[in-house]
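Heads up: the structure comes next, in structure tokens.
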Amino acid sequence: MEYDDMTSAYESKGNKIVVDAVTLDSLGLKKVNLLKIDVERGELEVLKGTTNTLDITDKILIEVRKELEKDINSLLRAKGFKLVKVYMTYDNIGNFLYRRAL
């Protein structure tokens, strides 16, 4: 199985960490019942790498920060998902549950 060549960098308090990364689309999945996304402000980038995977996904549980809420909601609605539940945590962060609209 070949993966897309990617790297991801995370910087905190002057420390930079670089890791190899792949898109979910590059995994060639056939069916996804639940996709859980919590990547510390990288949720929108993850979704952009799941264009085909979203087509075979039933539900998504995603951590959403207030500043990304509109963009994430728009992208998922355009892919046929409906927001069904929000669990607010702290600092304007919530866990949003989406499911494929019927």
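If you're wondering where the values come from, they're calculated on a predicted model, not measured in any experiment. Worth knowing before you read on, the calculation uses all heavy atoms, side chains too, and leaves out hydrogens, waters and symmetry mates.
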Keeping the roles fixed (side chain from D38, backbone from E63), state whether a donor-acceptor pair exists under 3.5 Å. no
Would a distance-only check, ignoring hydrogens and angles, find a side-chain to backbone donor-acceptor pair under 3.5 Å from R100 to K59? no
Ionic contact status for R99 with D58, cut-off 4.0 Å: no
L68-L47 co-clustered via ILVMFWY side chain contacts under 4.5 Å: yes
What are the two closest heavy atoms between L29 and V32, and how far apart are they? CD1-CG2, 3.9 Å
Should I37 and V39 count as side-chain neighbours, where that means a heavy-atom distance under 4.5 Å? yes
With a 4.0 Å cut-off, would you call E43 and K48 a salt bridge? no
Counting C-beta onward and ignoring hydrogens, is there a side-chain heavy-atom pair between L83 and L97 closer than 4.5 Å? no
Checking side chain to side chain contact (heavy atoms under 4.5 Å, CB included) for the pair L54/I60: CA distance, chi angles, key distance, verdict? CA-CA 9 Å; L54 291 178; I60 301 169; 3.5 Å; yes
Spell out, yes or no, whether L44 and V86 are grouped together once hydrophobic residues are joined by side-chain heavy atoms under 4.5 Å, including indirect joins. yes
Kindly write out the residues that satisfy side chain to side chain contact (heavy atoms under 4.5 Å, CB included) with E69, not counting sequence neighbours, or none if the list is empty. V64, K66, F96
Is atom NZ of K70 surrounded by more than 12 heavy atoms (other residues, nucleotides or ligands) closer than 6.0 Å? no
Under a 3.5 Å distance rule, please check whether D25 uses its side chain to pair with a backbone N or O of T53 as donor and acceptor. yes
Donor-acceptor contact present, side-chain N95 to main-chain Y87, <3.5 Å: no
According to a hydrophobic-cluster definition based on side-chain heavy atoms being under 4.5 Å apart (Ile, Leu, Val, Met, Phe, Trp, Tyr only), do M88 and V84 belong together? no
Between T23 (side chain only) and S26 (backbone N and O only), is there a donor and an acceptor less than 3.5 Å apart? yes
Euclidean distance, I93 CD1 relative to E67 CD, rounded to 0.5 Å: 8.0 Å
K82 side-chain N/O to R77 backbone N/O, donor-acceptor pair under 3.5 Å: no
Would you name the heavy atoms of Y98 and N73 that are closest together and state the gap between them? OH-OD1, 3.0 Å
Salt bridge (charged side-chain N to carboxylate O under 4.0 Å, His left out) against D71, all qualifying residues, sequence neighbours excluded: none
Are L35 and L24 side-chain neighbours, meaning at least one heavy-atom pair lies under 4.5 Å? yes
When hydrophobic residues are tied together by side-chain contacts of less than 4.5 Å, even through go-betweens, does I56 share a cluster with F81? yes
